[in-house]
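See below for the structure under consideration.
All values below were derived from every heavy atom in this structure, side-chain atoms included, with hydrogens, water molecules and symmetry-related copies excluded. Each chain gets a letter, A, B and so on, in the order its sequence line appears, and its residues count up from 1. Please read these numbers as outputs of a predicted model, since none were measured by experiment.
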Amino acid sequence: MHFYNHKQIEQKWQNFWVEKDVYNVSQSSSSKKKYYILEMFPYPSGKIHMGHVRNYTLGDVLSRYFKSNNYNVLHPMGWDSFGMPAENAAFENKTNPKEWTKKNIRTMRNQLKKIGLAIDWKREISTSSPDYYKHQQQFFIEFFKKGIAYKKDSFVNWDPVDNTVLANEQVVEGKGWRSGAEIEKKKLSQWFLKISDFSEDLLSNLTNLNDWPEKVKFMQKNWIGKSDGAEIFFKIHDKDNTFITVFTTRPETIFGASFIALSFDHPLCEDVLSNDRLKKFKKENKEKIYTTAKTDVEKIGFKTDYMAIHPLNGKKLPIFLANFVLMEYGTGSIFGCPAHDKRDYDFAKKFNLEIKTVFSNPEKKEFFEVNDDEDPVLINSNFLNNKRMSKARKEIISIFNERNIGKKKTIFKLRDWGVSRQRYWGCPIPIIYREDGAILPVSDKELPVMLPDDANFEQKGNPLDLHPTWKYTTCNETGMKAIRETDTLDTFFDSSWYFLRFCDPLNSKTGFSNKSIENWMPVDQYIGGIEHAILHLLYSRFFMRALNKSKYDVPNEPFKSLLTQGMVCHETYKDKDNGWIEPSEVIKKNNKFFLLNGDEVIRGRSEKMSKSKKNIIDPDTIIEEFGADTARLFMMSDSPPERDLEWSDEGIRSVWKYLNKIFLHLKKNQFEFTKEDELDAQTEEHLALVKKAQKLIKSFNNDIENFKFNSAVAKLREFSNFLFSNEKIETRLENYLWSIFLRLIYVFTPHFSEELSKNNNNKSICDLSWPKYNEKYIKEDLIKLVIQINGKKKAIVDVEENLNENEVIKLLKIDNNLNKIFSFKIKKTIFIKNKIINFVL
RNA sequence: GCGCUCGUGCUGAAAUUGGUAAACAGACUGGACUUAAAAUCCAGCGGGAUUCGUCCCUUGUCGGUUCAAGUCCGACCGAGCGCACCA
């Protein structure tokens with residue numbers, strides 16, 4: 001007696017595939033089209049979670065599909081293995097980050113292999129390996145030479161207790177996540193990449209990314225944040241040659257200006273405007289001034305002793321410092337036009353400032369906002385009066401230019417990318433500071449700059465900086481003493497080019513050869529979570545441009561098509577004390593949920609699986625109990641990829657039952673794998689069934705290519721249901737039909753399909769080409785025509801193809817059921833060939 | 001506040017892109033098999049009427065375009081996500 005022993009089957013074929021090296025990727029294959037499929041590589045945190053299983057199965061289905069369809073497929077895997085968790089683990093467990101990371105990679109690699117992914121492991125990469133990061137250091141040096149990498153002073157989150165810099169997400173309510181200390185803003189000299197030089201290019205090229213989700217492009221557009229407007233220079237009264245430059249998108253409202261406001265962080269606060277009264281005010285109102293930006297925060301203002309001079313009418317305008325003016329945006333200073341800007345209006349009300357309308361205002365409103373599409377006429381605006389807003393805007397800018405009191409200006413929200421991290425477990429920045437003050441790149445021969453293995457993680461602060469010897473070096477040209485840069489690179493730097501490395505992973509001379517890039521790039525299909533919509537994807541796009549500007553030759557856009565998959569969710573459970581409970585501890589009984597001890601469990605809404613809420617299902621347990629094929633098929637069958645997937649115990653069980661049922665059926669009937677060319681000439685019955693199978697192939701292909709994996713699974717179910725319910729099919733034909741089925745479902749269940757196809761088939765199913773269909777052949781003789789009355793369906797009739805309206809009506813008139821239509825008065829007939837006929841009565 | 005996406009049975013969902021709404025599954029109900037349970041198999045499963053042939057209604061709400069709307073347009077309600085004092 002056979003039974004579906006998934007464990008034994010999956011192990012057997014995984015070994016077989018490795019032995020036969022079926023996933024080997026050949027670099028040059030001129031006869032085949034290339035297809036580069038990539039899922040965002042994992043951080044080796046310790047264990048694979050369900051989100052990974054979904055992500056990598058999605059890519060695996062596509063990779064198997066395209067390979068079977070005769071593409072040369074690259075589907076690699078690697079590790080985003082630098083980053084803070086390793087360092088935190090080192091701190092807590094007294095292990096070396098390197099060892100901790102290696103151990104995690106080993107575990108997770110084995111887990112991934114158990115999922116049955118079609119991956120060429122010979123191409124595996126790891127960003128924390130010197131083989132990888134030495135090329136990255138080379139890139140950094142090229143960027144440095146080209147001025148793309150530069151150093152500047154910048155504010156960081158400083159934890160004074162742990163003596164370290166914290167990332168924004170490590171600052172919780174203004175306090176350090178580990179020390180709990182009040183976080184300070186500290187000025188440090190840090191490395192930046194000039195992404196802002198590429199703002200316009202990164203923005204305008206979004207429109208060419210046709211296969212990216214609109215949502216992601218929209219988010220990037222907002223992030224880049226382009227604003228067209230003007231800068232205006234305001235002279236400070238009684239201060240010779242001191243100007244305040246403001247940025248505005250509404251220069252035409254200049255005659256409505258009633259005050260000037262500067263950020264409390266504006267450089268002039270430290271300079272011209274500085275006095276004891278201001279220092280005292282800042283000290284007393286520190287919290288109010290620096291509350292995080294929110295719309296409903298109280299407007300705080302400080303009136304300085306100075307006035308600015310309106311450049312067109314010479315009016316004196318009070319200069320304020322205001323908390324709603326942000327130093328990070330524009331010039332850190334504005335002119336206030338209270339009649340048409342809510343913030344300025346609130347401020348003017350509080351400080352009793354003039355509110356002057358400059359747009360046509362028949363209703364005599366004190367305040368109203370104006371949109372660009374309204375384009376109203378200006379009033380109270382001197383020579384701009386009676387002009388439309390759009391025209392006035394152009395005119396005023398040219399007047400600014402003529403009189404040298406301002407100029408046209410476009411600004412972007414996108415800031416330069418700070419890549420310095422005062423951390424150990426990252427790629428060392430290959431720079432030395434010579435004792436004479438020169439900042440120099442490390443010479444090629446000395447690359448890679450390796451991390452020391454003997455760092456101490458028990459001290460507070462950056463282990464590289466505190467290392468007794470590591471940072472001391474000499475300049476090999478002059479022999480002068482020098483100190484190494486002790487900052488390491490942001491891990492987004494590592495992940496901004498890993499997809500290039502996959503094209504040529506074993507190249508030790510350069511990060512990649514031009515030929516390999518030509519061969520594989522761009523990535524045809526990239527799959528990952530929406531959480532990387534901005535940073536990772538934008539940095540990668542920038543990185544390609546930066547490489548191109550240096551001496552490399554890569555495509556500007558790395559990812560041709562992007563699929564953002566949804567999260568894997570599960571219900572949450574709590575006990576009566578509000579503590580989270582794991583699903584494995586919950587017992588379901590008559591739609592009620594209990595703990596083992598009989599206490600009732602409170603069910604919460606379904607949320608993304610997370611450790612903190614304990615609503616996790618462990619992939620290992622699932623694969624042990626049901627097998628990888630079941631897990632893979634379930635992940636693909638319940639929801640479309642972009643949407644969240646609700647984990648369901650019943651769902652996974654039913655998939656297992658389904659596979660088991662087919663397995664037992666085929667074994668019982670001594671199924672033999674059959675290909676179409678082995679099939680005898682067909683009878684009528686043959687024809688109809690073969691046609692059915694070929695139609696399945698066509699619609700299945702269509703679903704896969706459009707990522708409608710759940711529909712593809714439904715069609716397989718439909719087909720197998722049909723085969724089960726039809727007992728009279730001749731054996732050889734039935735074998736053929738089941739063989740088609742196995743070859744299609746193969747992309748979801750490779751082990752299962754391999755096991756069942758193996759008798760009578762010498763090739764691995766991985767090497768078989770995809771089943772074919774013949775477009776002419778699957779065409780139906782009869783088509784289904786819908787008969788409507790007043791747009792409502794009344795009947796469906798099978799008719800010959802391409803009948804015209806009169807022929808259809810003729811047929812209906814001799815139909816005993818339908819001819820009564822013609823006893824009514826027909827006002828109008830709508831006829832769409834091969835689809836529908838609609839009688840309007 | 002601004003923007004984007006989405007609202008279809010008890011649940012996950014499908015609908016060749018304007019032309020048969022609810023495919024395929026899950027849960028549930030009933031039946032067969034069994035001493036019993038599990039497993040398996042069969043049937044039912046949006047609402048209402050029914051002479052058991054069928055007929056009528058139904059895609060968040062209201063309106064519009066159209067011979068025809070789940071699909072297009074407008075307003076509203078609700079959910080999720082993103083941005084948010086961006087000058």
Side-chain angles (χ1 to χ4, degrees), chain A residues 213-223 225-227 229-230 246-251 253 261 263 291-300 322-326 328-337 340-344 346-347 411-413 530-531 533-534 588 591 606 634 637-640 642-655 657-658 660-661 664 698-699 702-703 706 708 710-721 724-725 784-796 817 826-832 834-841:
Chain A
E214 287 305 318
K215 187 182 174 154
V216 173
K217 289 193 271 186
F218 187 80
M219 282 163 74
Q220 291 209 354
K221 186 182 166 213
N222 281 345
W223 188 261
K226 181 178 179 177
S227 302
V246 306
F247 175 77
T248 176
T249 52
R250 312 293 290 269
T253 63
S263 162
T291 40
T292 43
K294 278 212 175 113
T295 28
D296 50 0
V297 166
E298 188 197 349
K299 297 271 180 293
I300 302 292
N323 64 336
F324 72 92
V325 182
L326 309 172
E328 303 87 65
Y329 189 74
T331 58
S333 46
I334 61 151
F335 75 78
C337 177
H340 307 291
D341 182 291
K342 188 72 188 14
R343 296 155 303 180
D344 298 348
D346 292 344
F347 195 78
I411 64 163
F412 293 89
K413 262 195 273 181
I530 186 84
E531 66 272 20
I534 296 172
K588 289 177 204 175
N591 256 331
S606 178
F634 169 68
S637 53
D638 253 27
S639 303
E642 326 72 70
R643 236 180 279 182
D644 287 352
L645 175 80
E646 176 65 24
W647 182 266
S648 136
D649 290 344
E650 290 82 10
I652 187 109
R653 210 168 296 131
S654 95
V655 170
K657 283 183 198 168
Y658 176 65
N660 189 52
K661 179 176 161 179
L664 295 183
K698 186 186 175 181
S699 65
N702 194 44
D703 281 348
N706 291 297
K708 287 149 77 174
N710 54 334
S711 286
V713 174
K715 278 161 193 164
L716 292 174
R717 289 263 198 174
E718 231 172 347
F719 188 72
S720 62
N721 286 350
F724 278 126
S725 63
K784 293 196 183 303
L785 191 84
V786 176
I787 317 296
Q788 293 185 338
I789 292 176
N790 290 338
K792 291 200 170 161
K793 182 210 69 167
K794 291 294 155 188
I796 304 162
N817 286 319
I826 295 166
K827 278 196 207 149
K828 198 175 172 186
T829 309
I830 287 100
F831 178 75
I832 316 271
N834 298 332
K835 258 189 177 166
I836 201 157
I837 186 160
N838 183 15
F839 299 99
V840 185
L841 303 181

Touch class at under 4.0 angstrom, heavy-atom based, for A/Val713 against every strand present: nothing
Touch class at under 4.0 angstrom, heavy-atom based, for A/Glu650 against every strand present: sugar-phosphate
Taking OP1 and OP2 of [N], is either one under 4.0 Å from a side-chain nitrogen or oxygen of [X]?
X: A/Ser654; N: B/G26; answer: yes
X: A/Ser227; N: B/A87; answer: yes
X: A/Lys661; N: B/C41; answer: yes
X: A/Ser639; N: B/A13; answer: yes
X: A/Lys657; N: B/A25; answer: no
X: A/Asn838; N: B/G19; answer: no

Write down the distance separating the [atom1] atoms in [N] and [M], rounded off to the nearest Å.
N: B/A69; M: B/C62; atom1: C1'; answer: 15 Å
N: B/A22; M: B/U59; atom1: C1'; answer: 9 Å
N: B/A87; M: B/C76; atom1: P; answer: 25 Å
N: B/G18; M: B/C77; atom1: P; answer: 29 Å
N: B/C45; M: B/A23; atom1: C1'; answer: 15 Å
N: B/G7; M: B/C73; atom1: P; answer: 13 Å
N: B/U65; M: B/G74; atom1: C1'; answer: 11 Å
N: B/A21; M: B/G70; atom1: C1'; answer: 7 Å

Can you identify which nucleotide, out of [options], has its nearest atom closest to the [X] side chain?
X: A/Arg643; options: B/A13, B/C85, B/A25; value: B/A13
X: A/Ala714; options: B/G12, B/G19, B/A23; value: B/A23
X: A/Met219; options: B/C24, B/C83, B/G82; value: B/G82
X: A/Thr249; options: B/A27, B/A87, B/A14; value: B/A87
X: A/Glu718; options: B/A23, B/C85, B/G19; value: B/A23
X: A/Pro640; options: B/A13, B/C24, B/G12; value: B/A13
X: A/Ser711; options: B/C67, B/A15, B/A27; value: B/A15
X: A/Phe218; options: B/A14, B/C67, B/C4; value: B/C4
X: A/Phe324; options: B/C85, B/C4, B/C24; value: B/C85
X: A/Asn721; options: B/A27, B/C24, B/A87; value: B/C24

Please state how far atom [atom1] in [X] lies from atom [atom2] in [N], giving the value in whole angstrom units.
X: A/Trp647; N: B/A25; atom1: CH2; atom2: P; answer: 19 Å
X: A/Lys215; N: B/C81; atom1: NZ; atom2: C1'; answer: 4 Å
X: A/Gln788; N: B/C67; atom1: CD; atom2: P; answer: 13 Å

Along RNA chain B (nearest heavy atom to each residue), the more 5'-positioned of A/Glu328 and A/Lys708: A/Lys708
B/C83 base / A/Asn222 side chain donor-acceptor hit below 3.5 Å: no
Polar side-chain contact A/Lys299-B/C85 base: donor and acceptor under 3.5 Å: yes
Quiz item: cation-pi between A/Lys299 and A/Phe324, 6.0 Å / 45°: yes
Dot-bracket encoding of pairs in RNA chain B, which uses [ ] for pseudoknotted crossings and | for another strand, Watson-Crick or G-U under 3.5 angstrom: (((((((..(((......[....))).(((((.......))))).((((....))))..(((((..]....))))))))))))....
Shortest non-hydrogen contact from A/Val325 toward A/Ile334: CG2-CG1, 3.9 Å
Test side chain to side chain contact (heavy atoms under 4.5 Å, CB included) applied to A/Ile411 - qualifying residues, sequence neighbours left out: A/Ser227, A/Phe247, A/Tyr329, A/Lys409
